Amino acid sequence: MGDLDPQDWDAFRAQAHALLDASLDKMQTASDGRVWTPIPDDLRARLQSEVPRQPSNPADVLKEIMPYGVGNTHPRFFGWVHGAGAPSGILPEIAAAAMNVNAGGRDHVAPVIERQVIDWCAKLIGFDADASGLIVTGTSMGTIVALKVARDLADESAMKRGVIGGRLVGYCSDQAHSCVKRAFDMLGLGTEALRLVPCNDAFEMDMDALRAMITKDRKRGLEPFCVVGTAGAVNVGAIDDLETLADIARDEDVWFHVDGAFGATAILGELARDRLSGMARADSVAFDFHKWLQVNYEAGCVLFQNEAAHRASFSDRAEYLRGSERGLAGGAFWAVDYGPELSRGFRALKVWSHLMEHGVDKLGRSIDRNIKLAQYLQAAVGAHDQLAPMAPVALNINCFRYVADGVDLDALNEEIVIYLQEAGIAVPSTTRLNGALAIRVNITNHRTQEADLDLLVSEIVKAGDRLRCDFTV
Ligand SMILES: *Cc1c(COP(=O)(O)O)cnc(C)c1O
């Protein structure tokens, strides 16, 4: 027995079973009660303790903290873009914790399962059989990995000498996620090298503007090296015209990356699939398992058409990491050759387990049902005099607001959202569209029902009617 193994296995076993039951209770009652619950002051204080010099038993605290998460397991969580998770996620996490593998490389089950998940995803997106990929924390990291490969192809000396002279420039729409900008920063390209292309009325990238910007940059002696399309933008769920983007990338000979954090997975359903066909022509695609696919946090994926380019950008193993033909240092797929991390957990297991348990057809139907719910909410908003739509409903996101004459609508709607969150009724978030504040309702939640949206609408109107007198101008 090791220093850190339990002294009393029977007691540890009993504790583990009790916590498993508490975890299952938490998930079985996910649709009940409040959405978000603020942390009680005394718990917050106890969680901010001194360094623990002596042993104590954290098991009770593990149970005690469970009600104070984000609230995204609840059917009326509509904020930002969060997945709701699934009870099935508990099992592979237990197995992965028990195995405690390091999935950075070598010949064991973790790389085999990770590689299998990557193959499945590449096939579903429409990539060729020799596609490459990596399971990552999320789309933010996937974007960094993807754009590094694009950068290294465009500038052979970038890896050794850094990016010199600021010649390389890239493009995404002004609706693209901030992780693209962060990747430009982290890859030494500089955020000014990322051009924000304006959008049309549907919040999709304006393709004529993109062409014009590329031409102008070339004339100035700069070197356009990538375009980033968004499949499901955070603000309103817009999907860029990916087929045209693929054409432009081919004509201009630049890398085509798709940020499909949540939207890419709608390819599993029927309702948005046609608008996602252009992903198959991308050089790289990044997306999340933890959003619309409902895998428990966190797991995302980045895929590449060109395995050699992907590997060349990261594979630089030191002597102590040398592979071998046989033995534990064998194995064909070493994640360390495809991304910046060496030691990594067995994230692939929960993804594999989730896909096995549900099958992708059911996951696609669940996504389609969310799209239909967004249309249902759109109709409810349209039918209400006190509510005004702020953007077209492209996919699964509604942006609208409570309206009344003679009030500061931005401040009132902000207050309505905070009230709903604090009352535990629902969690929408807010955004700004064309300068105006909107209530934003994102549905990437397999638990949401029509009745949840009915309640949301009636509570927004009730709150607006009650609060409007505080915001008269
Ligand atoms: C959530 C999101 C991201 C970032 O993904 P993470 O998994 O949070 O890192 C990027 N792009 C879009 C469109 C997103 O919705």
Side-chain angles (χ1 to χ4, degrees), residues 16 19-33 35-37 62-101 103 109-110 113-114 116-118 120-121 124 134-142 260-266 268 286-302 335 341 344-360 362-367 369-370 396 427 442-448:
L19 187 67
L20 177 59
D21 270 330
S23 304
L24 294 174
D25 288 345
K26 162 88 183 148
M27 295 208 117
Q28 196 174 0
T29 58
S31 298
D32 303 343
V35 183
W36 173 66
T37 308
L62 294 183
K63 191 174 164 193
E64 192 184 350
I65 62 171
M66 278 194 216
Y68 309 111
V70 175
N72 52 313
T73 52
H74 193 285
R76 285 193 301 281
F77 187 93
F78 307 115
W80 307 279
V81 186
H82 282 44
S88 44
I90 292 178
L91 303 183
E93 291 281 64
I94 291 175
M99 289 174 75
N100 188 34
V101 298
V109 291
I113 286 178
E114 178 162 356
Q116 175 66 82
V117 170
I118 290 165
W120 287 340
C121 293
L124 291 168
L134 190 70
I135 294 185
V136 289
T137 47
T139 296
S140 301
M141 178 57 88
F262 62 97
T265 52
L268 301 181
F287 66 93
D288 285 319
F289 297 111
H290 54 222
K291 286 180 175 169
W292 226 351
L293 285 181
Q294 315 292 343
V295 171
N296 293 10
Y297 282 88
E298 53 6 31
C301 188
V302 57
E341 295 170 334
R344 21 202 318 276
F346 199 172
R347 214 179 273 129
L349 186 60
K350 63 186 175 187
V351 182
W352 179 88
S353 192
H354 189 78
L355 297 179
M356 290 297 284
E357 172 162 353
H358 298 289
V360 294
K362 180 171 143 196
L363 296 172
R365 286 195 296 276
S366 180
I367 286 170
R369 179 154 156 66
N370 278 184
N396 62 321
V427 175
N442 163 80
I443 310 175
T444 45
N445 192 325
H446 64 98
R447 296 195 178 95
T448 304

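Because the structure is a prediction, the values reported are computed rather than measured.
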Candidates Thr265, Thr137, Thr139, Thr444 - the one meeting side-chain hydrogen bond (donor to acceptor under 3.5 Å, both in side chains) with Asp288: Thr139
Using a 4.5 Å cut-off on heavy atoms from C-beta on, say whether the side chain of [Y] contacts that of [X].
X      : Y      : result
Thr73  : Arg447 : yes
Pro87  : Gln28  : no
Leu293 : Val351 : no
Asn72  : Trp80  : no

Phe287 and Phe289 aromatic ring geometry - parallel, tilted or perpendicular at 30°/60° bounds: perpendicular
CD1 of Ile443 to CZ of Phe262, rounded to nearest 0.5 Å, is 11.5 Å
Gap between atom CG of Asn445 and atom NE2 of His74 - 0.5 Å precision: 9.5 Å
Indicate the atoms forming the closest heavy-atom contact of [X] with [Y], along with that distance.
X      : Y      : value
Ile90  : Ser23  : CD1-CB, 4.0 Å
Ala103 : Gly345 : CB-O, 3.4 Å
Val101 : Ala110 : CG2-CB, 3.9 Å
Phe77  : Gly71  : CB-O, 3.4 Å
Pro75  : Thr448 : O-OG1, 2.7 Å
Ile113 : Ala348 : CG2-O, 4.1 Å

Using modelled atom types and a 3.5 Å cut-off, is there a donor and acceptor pairing between side-chain atoms of [X] and backbone atoms of [Y]?
X      : Y      : answer
Lys350 : Asn296 : yes
Gln294 : Gly83  : no
His446 : Gly85  : yes

Please lay out, stage by stage, how His354 and Leu363 fare under the test side-chain contact (heavy atoms from CB on, under 4.5 Å). CA-CA 10 Å; His354 189 78; Leu363 296 172; 3.7 Å; yes
Could you work out, with side-chain hydrogen bond (donor to acceptor under 3.5 Å, both in side chains) as the rule, every residue matching Lys362, not counting sequence neighbours? His358
Give the intermediate values and the outcome of side-chain contact (heavy atoms from CB on, under 4.5 Å) for residues Val109 and Leu349. CA-CA 10 Å; Val109 291; Leu349 186 60; over 6 Å; no
By ring-ring contact (aromatic ring centres under 6.0 Å, His included) - contacts of His290 (at least two apart): Tyr297
For a side-chain contact (heavy atoms from CB on, under 4.5 Å) check, start with the C-alpha distance between Met141 and Leu134, then their side-chain angles and the critical distance, and finish with the verdict. CA-CA 10 Å; Met141 178 57 88; Leu134 190 70; over 6 Å; no
Are there over 12 heavy-atom neighbours, none belonging to Trp352, within less than 6.0 Å of that residue's CH2? no
Under-4.0 Å salt bridge between Arg347 and Glu298: yes
Among side-chain atoms of Asn396 and Asn442, is any donor-acceptor pair under 3.5 angstrom? yes
Should Trp120 and Val360 be marked as a side-chain contact (heavy atoms from CB on, under 4.5 Å) after you check the CA-CA gap, both sets of side-chain angles, and the distance that decides it? CA-CA 10 Å; Trp120 287 340; Val360 294; over 6 Å; no
